[in-house]
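This report concerns only the one structure given below.
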Number of protein chains: 2
Amino acid sequence: MTTPAPPPDQTLAFQAHDHSHCCGDLIARAQVIAGERGARLTPVRRRVLEILLEHHRALGAYEVLERLGQDGFGNQPPVAYRALDFLVEQGLAHRVARLNAFIACTHPGQDHSPAFLICRNCQAVAEAPGGGIHAAVETAASLLGFAVERTIIEALGLCPACQEAVE
Amino acid sequence: MTTPAPPPDQTLAFQAHDHSHCCGDLIARAQVIAGERGARLTPVRRRVLEILLEHHRALGAYEVLERLGQDGFGNQPPVAYRALDFLVEQGLAHRVARLNAFIACTHPGQDHSPAFLICRNCQAVAEAPGGGIHAAVETAASLLGFAVERTIIEALGLCPACQEAVE
DNA sequence: CCCTTGACTGTTACTGTATAACATAATTTA
DNA sequence: TAAATTATGTTATACAGTAACAGTCAAGGG
């Protein structure tokens, strides 16, 4: 599974950008992607995706849930978890294991197993191109005869902005 | 993808071996390592490490806690979490984010950020050599100007034995 | 048009994971 | 030995996730 040259939006989370644009754009693409797969982007699901898109950081299910409740949706955990599970299945969002939290996918539609870069200072999360990393995991695993099905790649550290801000 | 002979201890978790030997040995090494770092391997901490070493799989904090209680130690969550946090800080154990669980380090004393191979069938967890993987993560991160401090690398799949057992 | 079907949402109730805060005990240092 | 530090025990609570069931809504078949 090789990854072509990274598209220009890879550093999105770590750069200034027209955020309202990137949100609206991704919602529209999500609508299309879901339609193609015969899945329905219902109001709750759409709202959850919007909530995730309002940030470039991972949100806990209960953070999402609180906003859902404010918007008149159900405010019990399964409401949030079901919508989040749907978005993850459709590749529209990802789960960040380290944070027990969820984040909108910044380039949906492509089949990808992402590598996350998590800033410990500002909590921003970016998706890095993961091709080379996955190849390295495959190599290491095959030495032990292990058959990889899925990988979790998460790096903790400092984003460009916070490297200057923090000592 | 060929499978050359792996180094002897890397596949430990996936092979038959003298388990009582590997436990006693690692406890002794832990004692030394802690001493060198000015840290105290107290009875609770030592017992927690023993509990982890009795398995080659990750144990939840509450599994550890239950055994601690049976041995006359405190049976409230902080007792287990504090001991586990200590072991992780000293490099004597690792946290497996995917499983919200902990596992004894199979080669402590070396400064290493491990890559875990998690069998979804038998729950065994092995540490894979992570050098190449970390290099790949560094490369990907540096393209975005991100400074990596720690990495979480976990692969889910089937260990050699379970590839035969499971269809 | 109504009815059935299946998918989605809402709710209750619960299990599991983790930490804050404070009291007590043991160990080290002065 | 006293003071300071470090570790342990305990209570209480916050955060994460799921099972089970009831109600609702949209789409297709008679």
Side-chain angles (χ1 to χ4, degrees), chain A residues 30-31 34-35 37-52 57-90 92-103 118 123 152 154, chain B residues 30-31 34-52 57-90 92-103 123 152 154:
Chain A
Q31 195 84 256
R37 303 184 50 163
R40 292 161 50 196
L41 192 63
T42 62
V44 209
R45 292 166 175 175
R46 184 191 169 107
R47 185 71 195 109
V48 170
L49 182 54
E50 285 171 1
I51 291 167
L52 293 181
R57 68 177 187 91
L59 297 183
Y62 282 65
E63 287 182 271
V64 172
L65 185 57
E66 191 183 345
R67 288 157 187 266
L68 276 183
Q70 290 168 1
D71 294 352
F73 293 100
N75 64 342
Q76 298 304 314
V79 176
Y81 279 103
R82 282 191 292 234
L84 289 166
D85 290 347
F86 171 87
L87 295 173
V88 170
E89 271 166 29
Q90 301 301 320
L92 300 172
H94 301 292
R95 187 170 190 284
V96 183
R98 163 72 199 194
L99 305 173
N100 291 330
F102 300 84
I103 190 164
I118 306 167
Q123 278 75 56
I152 295 169
E154 300 174 9
Chain B
Q31 195 83 255
E36 284 171 356
R37 303 185 48 165
R40 293 157 52 195
L41 193 63
T42 61
V44 208
R45 293 166 175 177
R46 185 191 169 108
R47 184 71 195 109
V48 169
L49 182 55
E50 286 171 2
I51 291 167
L52 293 181
R57 67 177 186 88
L59 297 182
Y62 282 67
E63 288 182 271
V64 171
L65 184 58
E66 192 183 344
R67 287 157 189 265
L68 275 184
Q70 290 167 4
D71 294 352
F73 294 101
N75 64 341
Q76 297 304 314
V79 175
Y81 280 102
R82 282 191 291 234
L84 289 165
D85 290 346
F86 170 87
L87 295 173
V88 169
E89 271 166 29
Q90 301 302 319
L92 300 172
H94 301 292
R95 187 169 193 283
V96 184
R98 163 72 200 192
L99 304 174
N100 291 330
F102 300 83
I103 189 164
Q123 278 76 56
I152 295 168
E154 299 175 10

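Values below: every heavy atom of this structure, side chains too, minus hydrogens, waters and symmetry copies. A, B, ... follow the sequence lines: proteins, then strands. Residue 1 opens every chain.
Judged by atom type and distance alone, B:Y81 does not reach the base of C:dA20 through any side-chain donor-acceptor pair under 3.5 Å.
Dashed line: the shortest gap from a side-chain N or O of B:T42 to OP1 or OP2 of D:dT8 is under 4.0 Å. OP1 or OP2 of D:dG9 has not a single side-chain nitrogen or oxygen of B:R82 nearer than 4.0 Å. The phosphate of C:dG10 (OP1 or OP2) has no side-chain N or O of A:N75 nearer than 4.0 angstrom.
A:R40 contributes atom CZ, which lies 9.5 Å from atom CZ of A:F86 (distance to the nearest 0.5 angstrom). In this structure, the separation between CD on B:Q90 and CD on B:E36 is 11.0 Å, given to the nearest 0.5 Å. To the nearest 0.5 Å, the span separating CG on B:D71 from CZ on B:R47 amounts to 4.5 Å.
Separating the CG atom of B:L65 from the P atom of C:dT19 is a distance of 14 Å, rounded to the nearest angstrom. Counting to the nearest Å, the P atom of C:dT15 and the CD atom of B:E66 are 15 Å from each other. Here the P atom of nucleotide C:dA18 and the CD atom of B:E63 are 12 Å apart, to the nearest Å. B:D85 has its CG atom 10 Å from the P atom of C:dA18, to the nearest Å. When the C1' atom of C:dA26 is taken as reference, atom CZ of B:F73 falls 14 Å away, rounded to whole Å. Note: CG (B:L84) to C1' (C:dT19) measures 14 Å, nearest angstrom. One can place CG of A:N100 at 15 Å from C1' of D:dT18, the figure rounded to the nearest angstrom. Residue B:F86 contributes atom CZ, which lies 7 Å from atom P of D:dA7 at whole-angstrom precision.
Candidate nucleotides D:dA7, C:dT11, C:dT19 were compared by shortest atom distance to the side chain of B:P77, and C:dT19 ranks first. The side chain of B:Y62 approaches C:dT17 more closely than any other nucleotide in the set C:dA7, C:dT17, D:dT18. The side chain of B:R95 approaches C:dA18 more closely than any other nucleotide in the set D:dT18, D:dA26, C:dA18. Of the candidates D:dT10, C:dT17, C:dT9, C:dT9 carries the atom nearest the A:R45 side chain, counting heavy atoms from C-beta on. Distance from the side chain of A:Q76 is smallest to C:dT11 among D:dG9, C:dT17, C:dT11.
Within the nucleic acid shown, B:V79 comes within 4.0 Å of at least one base atom, counting heavy atoms only.
For the residue pair B:F102 and B:L52, the shortest heavy atom distance occurs at O-CD2, 3.6 Å.
Between B:E63 and B:R67 there is no salt bridge, since none of the side-chain N atoms of the basic residue sits less than 4.0 Å from a carboxylate O of the acidic one.
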